[in-house]
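Small disclaimer: the values here were computed from a predicted structure and weren't measured. Just so it is clear: chains get the letters A, B, ... in the order the sequence lines come, proteins before strands, and each one is counted from 1.
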Amino acid sequence: MAIPLLLQSDQDAIIAAATASGKTEAAFLPLISSVISKESGSDGTGFDLVYISPLKALINDQFRRLEDLCERLELPVYPWHGDVSASVKARARKQRRGILLITPESLEAMFVLRGLEIPALFGRVEAVVVDELHAMLDTERGIHLRSLLNRLEIATRRRIRRVGLSATLGDMDLARAYLRPGSPDTVEVLRSKSEGQALKLQLRGYMIGASKREDDRASSDQEENQVKPEEVAVERAIAEHIFENLRGTQNLVFAGSRRNVEIYSDLLSSMSEELHLPNEFYPHHANLSRDHRTFVERRLKEAKEPTTAICTSTLELGIDIGDVEAVAQIGAPFSVSSLRQRLGRSGRRAGKPAVLRMYVTEKELQADSHPSDMLRLGLVRSIAMVDLLLEQWCEPPRPDALHLSTLVHQILSVIAERGGAKAAVLFKILCELGPFHLVDADLFSRVLRRMGDPAVALIEQSPDGILLLGRIGERVVEHYGFYAVFQTAEEYRIVSNGKTLGTLPVLTVLAPDMTIIFSGRRWRILAIHDAEKVIEVSRDATGRPPKFGGDGGNIDDTVVRRMRTILAGNDPRKYLDEKAAGLLQEARASFVRLGLEASNIVQIGDGHCLLATWAGTVKNSTMALTLRSEGLMVGNYDGLLDVGADIGRVSDILDQMAVSDAPSGEEIATEIALPATEKFHPYLSPDLLVVDLVASQIESEAIPVMAAQLLEG
DNA sequence: GACCTGCTGCGGGCTG
């Protein structure tokens with residue numbers, strides 16, 4: 001399908017096909033043919049093809065494959081990212097032909113450092129290929145890349161064909177609009193139909209026994225990190241099942257958090273040790289050292305010895321680790337698209353099924369259990385995600401954010417590229433033609449004025465009206481940390497005998513003589529060097545997993561709506577084990593007993609009622625904020641709100657909401673402190689920060705409809 | 001209530 005399209009037209013395209021099904025070849029074989037059959041000396045200079053990847057590891061993989069492909073064609077292939085040596089980059093710049101494989105950040109660096117060279121480097125590019133398109137849709141990084149693609153066309157004064165590659169795209173229309181914002185209809189979608197692969201699936205339920213202690217409510221950080229025997233018992237049971245069923249082959253276990261990765265890899269390697277068996281369970285997450293991660297990746301790929309990686313989403317995207325026997329998921333996942341991406345790692349060889357093992361834990365019920373526990377939300381969410389996975393659905397991006405942090409970044413970048421720019425030119429490049437089209441002229445000038453405020457000093461205006469980098473702006477742009485638009489936390493290095501094991505964020509309260517689990521082993525802290533940001537450790541027999549921090553994910557509306565359908569129905573799910581099936585029955589019984597079948601507002605005890613919004617995280621928390629602004633206490637669960645008031649009072653408030661205009665997002669947001677989360681947020685004024693956060697995290701226009709729906713039930 | 005991703009230029013020391 002790709003050959004006629006790419007050879008005979010200059011149309012944009014999306015190639016959607018499963019992992020390892022040959023997307024790269026489908027795109028590159030026709031594109032390379034088209035390049036080498038082009039008459040030499042065609043207009044312009046520069047690279048012939050550009051490939052953009054969100055991962056360095058993916059560039060290294062593709063470099064090896066394309067180099068083989070292009071060897072006899074005298075078409076050079078150049079990898080270009082932070083780990084590529086300056087000499088290779090210098091050669092690529094001098095030759096400026098062939099195929100360039102680059103990250104968005106390195107492309108950004110080219111604009112900032114060699115703005116004037118851009119037309120000569122990219123003047124005759126035949127096509128830009130964007131890999132892992134789904135990972136770039138509505139994130140700050142995705143907006144960054146869109147801005148760079150747009151600026152590439154402006155700098156070279158020509159349209160450049162765009163080709164997107166992806167395994168998991170939900171809404172194709174949104175993906176097309178991302179790839180070519182002005183005219184999404186012209187983007188051709190090539191979708192592989194070979195999705196009829198067999199799937200073996202089991203979801204196992206586990207019960208955490210009721211705590212024996214009267215009061216086990218955690219109050220301080222220290223206590224929160226306390227090990228609860230009932231939880232440990234369940235973790236051990238899950239680990240035992242994994243040990244018995246996955247040992248002996250290549251597998252991936254997605255544990256849900258870095259802390260869980262540490263817990264389970266410690267449990268699994270201890271079990272190997274107790275039984276005098278060689279260990280084959282290794283942790284893999286972003287805070288572990290490059291050395292260790294490469295070691296695990298190589299063991300998986302070479303498949304000489306059986307290996308199971310206990311991992312986070314580090315092993316989710318397209319890095320080549322070969323085929324795995326089974327994928328395990330501990331706990332409910334956050335999105336169907338990531339579940340699908342994970343599953344794509346298994347069953348890639350012909351005739352072999354994909355295998356997915358899910359492990360979900362729920363708490364044993366007591367007289368005073370909360371409805372959110374009675375409804376078994378984790379289990380029901382897992383089932384909803386599996387349902388939607390089997391229906392080939394996945395989350396669409398949320399396209400209504402303003403991305404002011406990235407806008408600040410791109411304003412600085414365009415000024416650096418051109419050595420100065422007028423406000424009207426910046427507005428045209430970034431907002432009219434670029435991805436910040438939701439920012440109007442008024443908001444744009446507020447952002448510029450803030451950046452030019454002498455206290456902020458990111459930009460300043462010359463007497464002839466040209467905007468230049470200000471005192472602080474120059475410092476920010478000159479630092480090599482400028483090129484990425486996403487935020488990263490400050491971290492300490494964990495060192496044993498001079499060897500770095502990995503890093504830890506500074507959230508954890510640590511002191512000498514404390515013991516920790518890290519990199520799947522146990523350590524005692526010898527010393528903490530604050531100036532060097534180093535924690536020295538040595539091996540020990542005991543230890544606890546550290547806290548890594550993190551922020552919650554947004555669950556999509558469709559997933560939560562499906563959760564209600566599952567609770568209200570009575571059809572069994574064949575893939576549940578006995579325990580999980582029992583938990584589902586319990587959840588459905590609770591749904592009826594609580595009265596949620598007939599009503600969306602139910603009294604659940606003195607001064608408390610439950611609102612069943614059955615809406616995703618953004619709408620649900622918008623409703624929670626709105627109710628808090630009325631002075632109510634509100635607890636937040638999947639599709640549910642626990643409101644600290646009687647049903648009469650809540651109904652009155654909802655009645656009012658249903659007939660009033662939607663509150664403004666700003667009204668709701670001022671009730672609470674919204675944190676600065678993005679990299680350039682600290683440079684925004686408080687009111688601009690609220691405008692940005694409201695656009696991405698609040699959906700106030702949904703409030704009247706939600707209130708009406710709550711009252712309907 | 002979670003996870004992940006990226007980075008230039010320069011100087012010192014060493015090898016051939």
Find every protein N or O atom lying less than 3.5 Å from an N or O atom of nucleotides 5-8 of chain B, and list the pairs.
residue	atom	partner	partner atom	Å
dT5(B)	OP1	R293(A)	NH2	2.7
dT5(B)	O3'	P54(A)	O	3.3
dT5(B)	O2	R141(A)	NH1	3.3
dG6(B)	OP1	K56(A)	N	2.6
dG6(B)	O3'	T103(A)	OG1	3.3
dC7(B)	OP1	G82(A)	N	3.0
dC7(B)	OP1	T103(A)	OG1	2.7
dC7(B)	OP1	S106(A)	OG	2.7
dC7(B)	OP2	G82(A)	N	3.0
dC7(B)	O2	Y480(A)	O	2.5
dC7(B)	O2	G481(A)	N	3.3
dT8(B)	OP1	S106(A)	OG	3.3
dT8(B)	OP2	K89(A)	NZ	3.1

Problem - Over-ring placement of R381(A) relative to F334(A), 6.0 Å and 45° cut-offs - result: yes

Handout entry: Ionic contact status for E491(A) with K533(A), cut-off 4.0 Å
Key = no

Problem - N-O pairing of E105(A) and R141(A) below 4.0 Å - result: yes

Practice task
Specify the residue among D638(A) and T312(A) whose closest nucleotide of DNA chain B lies further upstream toward the 5′ end.
Solution key: D638(A)

Measure the distance from [atom1] on [X] to [atom2] on [N] and round it to the nearest whole Å.
{"X": "M385(A)", "N": "dG1(B)", "atom1": "CE", "atom2": "C1'", "result": "12 Å"}
{"X": "L339(A)", "N": "dA2(B)", "atom1": "CG", "atom2": "C1'", "result": "15 Å"}
{"X": "N620(A)", "N": "dG1(B)", "atom1": "CG", "atom2": "P", "result": "15 Å"}
{"X": "L640(A)", "N": "dG1(B)", "atom1": "CG", "atom2": "P", "result": "16 Å"}
{"X": "R342(A)", "N": "dC4(B)", "atom1": "CZ", "atom2": "C1'", "result": "10 Å"}
{"X": "M136(A)", "N": "dC4(B)", "atom1": "CE", "atom2": "P", "result": "17 Å"}
{"X": "N554(A)", "N": "dC3(B)", "atom1": "CG", "atom2": "C1'", "result": "13 Å"}
{"X": "R340(A)", "N": "dC3(B)", "atom1": "CZ", "atom2": "P", "result": "24 Å"}

Exercise for the section: Establish, from distance only, whether the side-chain atoms of D556(A) and T558(A) form a donor-acceptor pair under 3.5 Å. Expected result: yes

Exercise for the section: Please name the pair of heavy atoms, one in Q341(A) and one in E316(A), separated by the smallest distance, quoted to 0.1 Å. Expected result: CG-O, 3.4 Å

Problem - Aromatic plane relationship, Y359(A) with Y206(A) - under 30° parallel, 30 to 60° tilted, over 60° perpendicular - result: tilted

Exercise for the section: Take the angle between the ring planes of F482(A) and H409(A) and call it parallel below 30°, perpendicular above 60°, tilted in between. Expected result: parallel

Heteroatom pairs (N/O) under 3.5 angstrom, protein to nucleotides 14-16 of chain B:
none

Handout entry: Presence of donor-acceptor pair under 3.5 Å, side chain of N636(A) and base of dG1(B)
Key = no

Exercise for the section: Report yes if a side-chain nitrogen or oxygen of R258(A) is closer than 4.0 Å to either non-bridging phosphate oxygen (OP1 or OP2) of dA2(B); otherwise report no. Expected result: no

Handout entry: Pairwise side-chain hydrogen bond (donor to acceptor under 3.5 Å, both in side chains) hits with a residue in residues 471-481 of chain A, at least two apart
Key = none

Exercise for the section: For residues F486(A) and H144(A), establish whether the separation of their ring centroids is below 6.0 Å. Expected result: no

